[in-house]
Amino acid sequence: MPERSDFLRDIVAADLATGKHETVVTRFPPEPNGYLHIGHAKSICLNFGIAQEFGGRCHLRFDDTNPVKEEQEYIDSIEEDVRWLGFDWGEHLYYASDYFEQLYEWAVHLIKAGKAYVDDLSADEIREHRGTLTEPGTESPWRNRTPEENLDLFERMRAGEFPDGSRVLRARIDMSAGNINFRDPVMYRILHSTHPRTADAWCIYPSYDFAHGQSDAIEGITHSICTLEFQDHRPLYDWFIENLPVPSTPRQYEFARLNLTHTVLSKRVLLKLVNEGHVRGWDDPRMPTLSGLRRRGFPAEGIRDLAAMVGVARADSVVEIEMLEHAVRDVLNRTALRRFGVIDPLKVVIENYPEDQVEHLEVPNNPEDESAGTRTVPFSRELWIERDDFMEEPPAKFFRLAPGREVRLRSAYFITCDRVVKDAAGTVVELRCTYDPATRGGSSPDGRKVKATLHWLSAEHAAPATVRLYDHLFTSPHPGSGGRDLFEDLDPDSETVCASAFVEPSLAEPVVGQTVQFERLGYFCADPDSAPGAPVFNRTVTLKDTWAKLQAAGRQGAP
RNA sequence: UGGGGCGUAGCCAAGCGGUAAGGCAGCGGACUUUGGCUCCGCCAUCCGUAGGUUCGAAUCCUACCGCCCCAGCCA
């Protein structure tokens, strides 16, 4: 049974209830011409989700009808990403190219019925004959060839007798139709190009319109779900189904694709970002690709949750990126282990702590999940704390460390700042503090309170680390809006590398791909660039930060 | 001026003639050994606009306005 309701699930439920279909069969049909992104995730969750909820099945079908743009690398990555997202197509892995022979026979069928013809016009001439949005097209001089001649020509197209672009096979429908897709759409074009699957077996390839619906029919797809821009193609989809002896009659339904603020979900643009070196690759942690999000540390569950949250409808929409961040934090808060990491270190010396003493203090791994247990973190006389956690002249709402102030070091001791050490330039380089031995573990026997709890690291034991801080790839919520070039909106500071960070000893050799919480900072994922003794972490997302918000508001409100 | 869609809060989105769900964001508060989490409260007299039908309209009708998609031998 469906967990939620939307217009598509309503349709499926009704079709099942009336007996129109015994079982629901959907499909996710990517073209292997790029990596999957979070927009595809919405479609994957929809298609696989509906099949799951109604006890049907969902096929993975590669829509590989254009060898010029398609590559095996993309096929492999797509399979990996769909699996990672948490879905399984079982035995149902298909390729449109599996159906090339059948599609060819159906093309012949239409030629024999006088419903398709070989056109000798050039691409430019075809465009000129197509007319415009408000003016009807004009018929090609080759439109009335006999079936015999068309058959001969089509066979010779297949045999490789003609160069690319010299001829096409077109459906013979209506050059004056308001729907431009009916103005004799191209069914086959000549492409002497090696296909990742069929190699050089073919030099003519079916168009999307001639392949998609029939592929659905062959596989017994009941509900062929696609995005809004294909609405105009539906009558053509139906026309081929009605005019061909196909084994089933699938129906097409459209929904609004996912858009997110501060990002772009267009394979064309993503490919350009990669090719022009604006990012380091398809899996750059700033990319909205599934491989990028994975490398960044986003859990698959969070992405599925987002899909559920935004729902499915037919109105164009742009979802605020904050909703994704919420979904991700929600999952990570429950599941991520807590660790200490200091990104911008400031030295603290505890003057009344014995020179060579080391204590191993017990710290909870996840206060949200007691079963996660505890770990031990070394504590000593010299520590690192976060530079942002100290201010020499604290404003009213700042309640972290300041001269004369007492704060708690998480799971350790209360410390009080006695003295500030500066260098010649006046920069604070060290804090001299004292600790209260009675507060071991982080609470005072006399019940006295502190207003802040800081994370910390024993300087002697801390492991050096590189931390990469990420921000949205685009500064504008709507990149390219107002007539700007998209690329002008790229944030040059979307990645900040902090090479002098420290992490606790347990993270010196982290599990690559695992996302942990650096307490009070955010979630961080160990990157494959990590080397033994030189861990690299990607900031997945910050924790919500009330203090940062107050500061930002203060800056804005200042006179 | 052709064809196809869509307009409910800052952003998503329920609602299907009986008097506006939920989530995100925001605001206020409680709690707190993460300024996190959690919890509580606030946040559309109104559903693109204008008419009409009805005892009753976001839901039905009419007109208008706005936005999106289509003129690849891409998908």
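Each chain gets a letter, A, B and so on, in the order its sequence line appears, and its residues count up from 1. What's counted below: heavy atoms across the whole structure, side chains too, no hydrogens, waters or symmetry copies. This structure is a prediction, so every number in the text was calculated from the model and none was measured.
- Comparing B:C12, B:C74, B:U33 by their closest approach to the side chain of A:V318 singles out B:C12.
- The side chain of A:N66 sits closest to B:C74 out of B:C74, B:U34, B:G3.
- Residues satisfying the salt bridge (charged side-chain N to carboxylate O under 4.0 Å, His left out) criterion with A:R183, sequence neighbours excluded, are absent altogether.
- Going from the C1' atom of B:G51 to that of B:C11 covers 32 Å, rounded to whole Å.
- Among the heavy atoms of the strands lying under 4.0 Å from A:R400 is at least one base atom, whether or not backbone atoms are also near.
- When distances are taken from the side chain of A:A315 to each of B:G35, B:G7, B:G5, the shortest belongs to B:G7.
- For the P atoms, the distance linking B:A75 with B:G15 amounts to 36 Å, nearest Å.
- As judged by a 4.0 angstrom heavy-atom cut-off over every strand, A:H233 is placed among the base-contacting residues.
- Proximity of A:K549 to the phosphate of B:A25: no side-chain N or O atom is located under 4.0 Å from OP1 or OP2.
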Is there any protein nitrogen or oxygen under 3.5 Å from a nitrogen or oxygen in nucleotides 22-24 of chain B, and what are the pairs?
{"unit_1": "B:C24", "atom_1": "OP1", "unit_2": "A:H326", "atom_2": "NE2", "d": "3.3"}

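- Picking from B:G5, B:A71, B:U34 the nucleotide with the shortest atom distance to the side chain of A:Q231 gives B:G5.
- Using a 4.0 Å heavy-atom distance criterion, A:F230 is classed as a base contact.
- Using atom C1' as the reference point in both B:A9 and B:C24, the two lie 12 Å apart (nearest Å).
- When distances run from any side-chain atom of A:D232 to the nucleotides B:U34, B:G2, B:C70, the shortest one goes to B:C70.
- Of the candidate nucleotides B:A13, B:G35, B:G5, B:A13 has the atom nearest to the side chain of A:S317.
- Residue-level contact check: A:E519 touches the bases, meaning some heavy atom is under 4.0 Å from a base atom.
- Here A:E370 pairs with nothing under the side chain to side chain donor-acceptor pair (under 3.5 Å) rule; sequence neighbours left out.
- Listed nucleotides: B:U34, B:A75, B:G15. Nearest to the side chain of A:S5: B:G15.
- Helical stems of RNA chain B (runs of at least 3 Watson-Crick or G-U pairs, donor-acceptor distances under 3.5 Å) are listed by first residue: B:2-7 with B:65-70, B:10-12 with B:22-24, B:26-30 with B:38-42, B:48-52 with B:60-64.
- By the side chain to side chain contact (heavy atoms under 4.5 Å, CB included) test, A:D15 pairs with A:I11, A:K20, A:H21, A:H223, A:Y253, sequence neighbours left out.
- Judged by distance alone, with hydrogens and angles left aside, the side-chain atoms of A:W456 form a donor-acceptor pair with the main-chain N or O of A:R410 at under 3.5 Å.
- Under the side chain to side chain donor-acceptor pair (under 3.5 Å) criterion, A:E128 pairs with no residue at all, not counting sequence neighbours.
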